Protein chains: 2
Amino acid sequence: MSESERDKRAADIPGAGADLDLFEGGPTGRGVYAALRARIVRLDLPPGTPLMRAELAETHGVSLTPLRDALQQLAKEGLVRIYPQSRTLVAPIDTAAIREAQFMRIALETEVVRRLAQAIAPGDLERLRGIVARQAEIGDRPGDIAAFHELDEAFHQTLFAAAGHVQSQRVMRSHGGHLERLRRLHLDDTDAAGRVVNNKAVIGGHTEILDGIAAGAPGRAMDALRRHLNRTVDRMTEKRAAFPDYFASGTQ
Amino acid sequence: MSESERDKRAADIPGAGADLDLFEGGPTGRGVYAALRARIVRLDLPPGTPLMRAELAETHGVSLTPLRDALQQLAKEGLVRIYPQSRTLVAPIDTAAIREAQFMRIALETEVVRRLAQAIAPGDLERLRGIVARQAEIGDRPGDIAAFHELDEAFHQTLFAAAGHVQSQRVMRSHGGHLERLRRLHLDDTDAAGRVVNNKAVIGGHTEILDGIAAGAPGRAMDALRRHLNRTVDRMTEKRAAFPDYFASGTQ
DNA sequence: GGCCGCAAACTGATATATCAGATCTACCAA
DNA sequence: TTGGTAGATCTGATATATCAGTTTGCGGCC
């Protein structure tokens with residue numbers, strides 16, 4: 001049942017990626033882009049998978065031109081590697097790219113939180129508290145992974161929205177594909193008990209951040225956020241050992 | 001003479017933009033992209049200028065396909081507006097985009113400086129001091145605008161390099177076209193005396209930042225950086241009044 | 001039996017042709 | 001005179017054809 005739940009969530013991801021409407025290659029190409037990105041990020045198309053343009057074009061019912069647009073877009077995000085005149089394949093997960101994405105996220109979100117601690121609209125703070133409250137409600141039940149994760153997304157997006165910098169978050173996300181894939185690897189590797197613990201930690205982090213903001217204490221809010229975000233990447237080397245084929249052979 | 005100096009600098013900008021090799025549309029298209037971006041950012045192609053594909057293709061000696069790639073790239077950066085089936089023109093300077101770019105820059109660079117204040121390689125600190133010293137040398141002479149500006153660029157780039165996050169700076173710059181155009185507007189509007197004063201302020205800012213880093217005082221370094229960066233955007237409304245045609249009609 | 005070289009086949013890049021939507025203009029009607 | 005509409009024209013999107021570089025597999029040679 002958690003199985004079907006997860007699949008449902010996975011199927012939703014294309015939609016989630018679609019709001020990154022920074023990308024388009026024209027009306028037609030866009031759908032292809034979104035579909036491919038979703039499959040790559042979901043690791044449905046694992047790193048190294050060759051992408052045959054002719055075949056993909058036929059599958060998606062478009063010609064080579066919009067398909068090329070989509071691939072170029074993905075190449076610019078680093079999710080696809082195009083070897084000119086040769087072939088195109090799903091890029092390996094790049095450790096360096098993950099570090100950059102993480103850096104960007106900490107930098108941006110830390111600044112968001114800082115500004116919110118200086119001034120936040122009461123309505124926004126309420127909304128944020130509400131999200132955390134809903135997380136707490138389902139936090140104990142190990143079942144609703146999808147819902148919990150969705151609320152987590154909502155929390156961070158609301159932070160950016162409250163600060164008036166949704167666009168920056170969009171830019172950040174558009175370069176965070178490698179990090180998303182790493183997170184995907186983490187998704188399935190915790191048992192129910194461990195997940196509940198993790199959920200509690202997430203909720204605690206969110207609460208600390210909001211407390212810092214509410215108290216008008218930028219430093220406190222920023223530190224809390226930093227701790228909260230650093231959780232994700234810590235276990236990267238472990239994942240890299242478990243899925244050596246998925247990662248680039250670069251340093252570290 | 002400062003005239004020819006400035007032109008020489010302007011001619012260099014394409015090269016400066018070229019290291020944003022985040023962008024390509026294939027080997028051929030890349031040159032077109034760089035050339036167009038340079039002309040747009042330099043305000044050589046003012047906002048609102050229609051971009052006729054057939055003509056541009058002929059001018060640059062390429063076909064429509066790579067030209068389209070270049071334009072799509074520019075559209076994604078927000079520098080060009082494509083109205084499907086209708087026309088393509090240079091996008092107006094967007095106040096909101098400038099605010100986002102400025103936000104991103106402060107967030108990213110502030111985090112860079114914070115980390116450097118915690119730990120910096122002695123060689124990097126030396127290099128940075130060296131750049132500021134060279135700025136001080138030519139700071140009094142109003143002539144060398146190009147050289148001074150180049151050193152300024154080098155300073156900030158070296159900060160990112162020292163923190164090991166050049167890639168993030170690249171992403172940031174790739175979305176900073178609107179801000180670059182605003183800066184371009186500021187470039188020509190100060191007389192020699194004013195420029196010397198401004199140069200002094202820049203040098204002072206850089207020095208404060210480095211002092212904060214050297215002292216291992218993140219807060220101090222970050223505050224200094226914040227003050228330093230906020231200089232640029234302050235006079236935006238003034239520019240907007242002077243060049244109403246260049247700006248989008250959006251709020252504020 | 002293994003290695004080198006050549007050629008064929010495949011792939012992506014580029015150019016061109018076709019399609020469809022949007023704008024503009026001229027003409028008609030109110 | 002003005003508003004609207006039909007059609008011509010222009011533009012970008014899409015599809016297809018051509019070009020050029022890369023890989024691969026076969027055959028000959030060492």
Side-chain angles (χ1 to χ4, degrees), chain A residues 18 20-37 39-40 45-92 249, chain B residues 18 20-37 39-40 45-92 249:
Chain A
L20 294 177
D21 58 13
L22 202 62
F23 325 105
E24 19 187 293
T28 303
R30 178 167 168 175
V32 183
Y33 163 80
L36 279 177
R37 186 182 202 279
R39 288 207 285 165
I40 293 173
L45 295 173
T49 307
L51 300 173
M52 286 152 303
R53 289 154 112 107
E55 182 181 310
L56 287 173
E58 193 182 16
T59 303
H60 292 268
V62 300
S63 104
L64 291 174
T65 306
L67 192 110
R68 178 170 172 272
D69 292 344
L71 288 179
Q72 269 188 338
Q73 185 63 45
L74 291 166
K76 255 192 13 212
E77 295 180 30
L79 290 178
V80 150
R81 239 188 134 102
I82 299 177
Y83 298 92
Q85 323 294 32
S86 170
R87 63 191 144 188
T88 300
L89 34 84
V90 177
S249 50
Chain B
L20 294 175
D21 58 12
L22 203 63
F23 324 106
E24 18 187 295
T28 303
R30 177 166 167 174
V32 183
Y33 163 81
L36 278 177
R37 185 181 203 278
R39 286 208 286 165
I40 292 173
L45 294 173
T49 307
L51 300 174
M52 286 153 302
R53 289 154 113 107
E55 183 182 309
L56 288 173
E58 194 183 15
T59 303
H60 292 269
V62 300
S63 103
L64 290 175
T65 306
L67 192 108
R68 179 169 172 273
D69 292 345
L71 289 178
Q72 270 189 336
Q73 185 62 45
L74 292 166
K76 252 194 16 215
E77 295 180 29
L79 289 178
V80 149
R81 245 192 127 101
I82 298 177
Y83 297 92
Q85 325 293 31
S86 170
R87 64 190 142 188
T88 300
L89 35 83
V90 178
S249 51

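Here the structure is a predicted model, which means the values were calculated and not measured. Residue numbering restarts at 1 for every chain, and letters A, B, ... go by the order of the sequence lines.
- Using a 4.0 Å heavy-atom cutoff across all strands shown, B/Leu51 reaches sugar-phosphate atoms only and no base atom.
- Counting only heavy atoms from C-beta outward, the side chains of B/Leu36 and B/Leu74 approach each other to under 4.5 Å.
- Between the CG atom of A/Leu64 and the P atom of C/dT14 there is a distance of 15 Å, given to the nearest Å.
- In this structure, B/Ala91 and B/Gly78 approach most closely via the heavy-atom pair CB-O, 3.3 Å.
- Here D/dA13 is the nucleotide among C/dC24, C/dG12, D/dA13 with the atom lying nearest to any side-chain atom of B/Arg68.
- To the nearest angstrom, C1' of C/dC10 lies 17 Å from OH of A/Tyr83.
- To the nearest angstrom, P of C/dT14 lies 11 Å from CD1 of A/Ile82.
- Rounding to the nearest 0.5 Å places CZ of A/Arg37 at 9.5 Å from CD of A/Gln73.
- For the pair A/Arg81 CZ and C/dG12 P, the interatomic distance rounds to 15 Å; values are reported in whole Å.
- The A/Thr88 side chain lies nearest to C/dG12 when the options are D/dT16, D/dG12, C/dG12.
- Atom P of nucleotide D/dA13 and atom NE2 of A/His60 are separated by 20 Å, given to the nearest angstrom.
- Within the structure, every side-chain polar atom (N or O) of B/Ser63 is placed at least 4.0 Å from both OP1 and OP2 of C/dT14.
- Atom-to-atom, CZ of B/Arg87 to P of D/dA13 comes out at 14 Å; the value is rounded to the nearest Å.
- Counting non-hydrogen atoms under 4.0 angstrom, A/Leu71 reaches nothing in the nucleic acid.
- Side-chain nitrogen and oxygen atoms of A/Arg53 include at least one within less than 4.0 Å of the OP1 or OP2 phosphate oxygen of C/dA13.
- Side-chain contact of B/Glu77 with B/Tyr33: a donor-acceptor pair under 3.5 Å is present, judged by distance alone.
- Using a cut-off of 4.0 Å between Lys/Arg side-chain N and Asp/Glu carboxylate O, A/Arg30 and A/Asp69 are scored as not salt-bridged.
- The side chain to side chain donor-acceptor pair (under 3.5 Å) check on A/Arg81 picks up A/Tyr83, with sequence neighbours excluded.
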Between the protein and nucleotides 18-21 of chain D, which nitrogen or oxygen pairs come in under 3.5 angstrom?
{"residue": "D/dG21", "atom": "N2", "partner": "A/Gln85", "partner atom": "O", "Å": "3.2"}

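- With a 4.5 Å cut-off on side-chain heavy atoms, B/Val90 and B/Leu79 do not count as touching.
- One can place CG of A/Asp69 at 14 Å from P of C/dG12, the figure rounded to the nearest angstrom.
- Rounded to whole Å, the distance from CE on B/Met52 to C1' on D/dC10 is 12 Å.
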